[in-house]
Amino acid sequence: MAPSKVLNSQNKQSNTNIATRKGITTRSQNSTVNVLIKPSVLGKDPRSKRKAEASPPKEKTTKRSALGNITNAIGKTLGTHQQEPKKAVKKPTVTQIKPYTQTSSVRTLEKAVTKAEIVPPKPKPVPRVKPVKKDDEKVEVPSKIVNLRRSLDLEKSEDSSLYVSALEDIGDDSERKSRRSNVQLEKSEKSKKKDEISKSPVPGKPEKPEKKSIAARLDAVPETVLPEGVQWDFDAENWLDPFQVSHYATDIFNYLKDRERLFPIGDYMERQVCLSRWMRALLVDWMVEVQESFELNHETLYLAVKLVDLYLTKVTVGKETLQLLGAASLFIASKYDERIPPMVEDFLYICDGAYTQRELIRMEMSVLKVVDFDLGIPLSYRFLRRYARCAKVSMLTLTLARYILEYSLMDYSMIRFSDSKMAAAALLLALQMKDLGGWTPTLEYYSGYKVDDIRDIVHLLNEGLHRKHKEALTTVRNKYSHKIFFEVAKLPLKDILEI
């Protein structure tokens, strides 16, 4: 922009003044000289107001306090210097709230405080003050503003009436609480006296037995009358051991004994045209090898052999499908007893690829249908472990009995006996081989069998150990010749049994 005429005239006058008064310079003259020297300021009018190119209109200008949010918050509570944002709702005609010292509500407060100063020695708590409603204009004062005004006025008063009133309230509350506590103590003392009176024995009346809690009754060891010769009550000794399940152990094994009649196995070799006893023994020997290589539980092996026998009693099988039946039975038993059972591919691999996955699954379905999906079959291994625990037999003797029982799985002539009797006979033969005596009254009590019930089975088991099998059936003997199993397969056999 070109400089205005007024500015040029003023500049001329200042130049003449500077020329006339030589040697004397003032601050104003220095300033004018500096203005003249600077080329950037020459083209601008210093006294003319300059607006920004995009300055906001006057209507949208807002006021902002220096201290920011703090003063805004106080101003909001006191109702000063702060405008609420405009809303679409119609504003009621509200008068501006004057400072807190001039409102009618504060005047009432001042009156109340001055009365408290003059009349009573202790000022009373300040009553709540409601905002005064005018006839023409209805103004609702927020409760926060009233409380703030009240606190400010009370702080201005000479006596600390606020603190005195607060202490008075606390004193009243403490007195009430103390009264309540005294009343509760009196009630508790009365109830104790009543209980003592009720518990005290009355002359002429029989004393009632104290009722025990359910937990105490369950933990209490039952008093059982043992027959003569029984040395100990195994379940009572382990009554508080949750792993022994002494509360239900007797009922569980009695139930398993009753279920043995539901799974009868007859002489099926006459109907199996393509099979023989030797082939069955080979299959069982192979199943023991699978159990050992996969590190399966012994219950899995016993259940699998039981499933094979139950299936063969009802279905005729050829030579080609006999190993498939054994693999499918092991697969079912492992899914029933194992925590992490092997997969289908593992059993197909152990069969050396002789069968497909579809054939194995179809055989599994066929076995489950024949058994009617009832896999809770009583096993001789479970009975043997129960009898050995109740008789408190050593681990060496129990392992020997396990070897005798597992070796008998290959003997076809043993399938006609019940599992509970087989377990008792294997334990008795182990006791005889270790010279630990015969069938004791304790074993007779817990097994439910006398010596006469199992004598024939013991002789058959002993004959089976003396019988020398071919080299193809050496898996069980080699298994129990290991140090883990105390090398019980190498123990000398008994020719004559003292039964």
Side-chain angles (χ1 to χ4, degrees), residues 227 229-231 234 253-254 256-257 260-261 263-267 277 280-281 284 288 298 301-302 305-306 309 378-469 473 476-477 479-481 485-499:
V230 179
Q231 297 177 354
F234 179 77
F253 283 95
N254 289 335
L256 289 174
K257 266 189 184 180
E260 283 180 340
R261 58 185 176 81
F263 304 96
I265 298 172
D267 188 5
R277 297 187 178 189
R280 181 190 173 276
V284 174
V288 173
H298 286 87
L301 172 66
Y302 281 82
V305 173
K306 207 75 177 173
D309 289 331
L379 303 176
S380 56
Y381 187 83
R382 300 186 194 276
F383 286 105
L384 175 62
R385 196 163 48 187
R386 166 71 174 172
Y387 300 157
R389 281 181 180 175
C390 293
K392 296 182 181 179
V393 172
S394 65
M395 194 64 194
L396 176 61
T397 310
L398 174 60
T399 308
L400 178 58
R402 284 166 56 186
Y403 163 65
I404 296 165
L405 195 62
E406 194 166 326
Y407 197 81
S408 69
L409 290 176
M410 295 184 292
D411 194 351
Y412 175 75
S413 61
M414 294 293 175
I415 62 171
R416 53 196 174 96
F417 298 112
S418 66
D419 289 78
S420 55
K421 283 185 178 181
M422 288 291 297
L427 183 57
L428 178 56
L429 181 57
L431 292 171
Q432 287 284 311
M433 290 174 66
K434 293 292 293 179
D435 297 324
L436 296 173
W439 199 245
T440 60
T442 306
L443 283 168
E444 184 179 338
Y445 172 71
Y446 284 105
S447 66
Y449 294 117
K450 297 180 180 180
V451 183
D452 298 334
D453 300 329
I454 57 176
R455 184 180 284 111
D456 297 337
I457 304 172
V458 173
H459 286 295
L460 288 172
L461 289 174
N462 194 29
E463 289 175 8
L465 291 175
H466 282 85
R467 192 182 305 122
K468 291 183 179 179
H469 291 287
L473 304 177
V476 179
R477 192 181 295 275
K479 176 183 176 181
Y480 283 92
S481 298
F485 298 103
F486 305 103
E487 300 179 351
V488 291
K490 298 178 180 179
L491 291 174
L493 302 176
K494 283 274 186 181
D495 295 329
I496 300 168
L497 299 175
E498 298 175 359
I499 301 175

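We use all heavy atoms of the structure for the numbers below, so side chains are in, but hydrogens, waters and symmetry mates are not.
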>> Run the side-chain contact (heavy atoms from CB on, under 4.5 Å) test against Ser420 and tell me which residues pass, sequence neighbours left out.
In response: Lys257, Glu260, Phe383, Tyr387, Ser418, Tyr449

>> Could you check whether atom CG of Leu493 has more than 12 heavy atoms from other residues, nucleotides or ligands sitting under 6.0 Å from it?
In response: yes

> With under 30° as parallel and over 60° as perpendicular, where do the rings of Tyr302 and Tyr381 fit, or are they tilted in between?
Replying inline: tilted

>> Quick check: closest heavy atoms across Arg467 and Arg477, and the distance to 0.1 Å?
In response: O-NH2, 4.5 Å

> Which value, rounded to the nearest 0.5 Å, describes the distance between Arg386 atom CZ and Ser447 atom OG?
Replying inline: 10.5 Å

> Which distance, rounded to the nearest 0.5 Å, do you find between the CG of Leu428 and the CE of Met433?
Replying inline: 12.0 Å

>> Testing the basics here: between His466 and Lys494, what is the closest heavy-atom pair and its distance to 0.1 Å?
In response: CE1-O, 3.0 Å

>> Nearest 0.5 Å, please: how far is CD1 in Ile457 from CZ in Arg416?
In response: 8.5 Å

> How many angstroms lie between atom CG of Leu473 and atom NZ of Lys468, to the nearest 0.5 angstrom?
Replying inline: 15.0 Å

> Between CG of Leu384 and NE2 of His298, what distance do you get to the nearest 0.5 Å?
Replying inline: 11.0 Å

> With no hydrogens and no angle check, is any side-chain donor or acceptor of Glu444 less than 3.5 Å from a backbone partner on Trp439?
Replying inline: no

> What are the two closest non-hydrogen atoms of Ala388 and Leu398, and how far apart are they?
Replying inline: CB-CD1, 3.5 Å

>> Given 3.5 Å as the limit, does a donor-acceptor pair link the side chain of Asp453 with the main chain of Lys450, or not?
In response: yes

> Is there a side-chain contact between Leu460 and Asp411, using heavy atoms and a 4.5 Å cut-off?
Replying inline: no

> When rounded to the nearest 0.5 angstrom, what distance separates CZ in Arg382 from CZ in Phe253?
Replying inline: 8.5 Å

> Can you list the residues that meet the side-chain contact (heavy atoms from CB on, under 4.5 Å) rule with Glu487, with sequence neighbours excluded?
Replying inline: Lys483, Lys490

>> Using every non-hydrogen atom in the two residues, find where Val230 and Pro441 come nearest and quote the distance to one decimal.
In response: CG2-O, 3.9 Å

>> Test of understanding: with side-chain contact (heavy atoms from CB on, under 4.5 Å), list the residues that count as partners of Leu491, not counting sequence neighbours.
In response: Leu400, Lys434, Val488

> Angle class for the Tyr446/Phe234 ring planes (parallel below 30°, perpendicular above 60°, tilted otherwise)?
Replying inline: perpendicular

> Can Arg280 and Asp309 be counted as an ion pair, charged N to O under 4.0 angstrom?
Replying inline: yes

> Minimum heavy-atom separation for Ala423 to Ser380, with atom names?
Replying inline: CB-O, 3.4 Å

> Do Leu409 and Leu301 have side-chain heavy atoms sitting under 4.5 Å apart?
Replying inline: yes

> Looking only at heavy atoms, which two atoms of Thr442 and Gln231 are closest? And how far apart?
Replying inline: OG1-N, 3.3 Å

> In a check of side chain to side chain contact (heavy atoms under 4.5 Å, CB included) between Asn462 and each of Ile404, Leu429, Ile499, which one passes?
Replying inline: Leu429

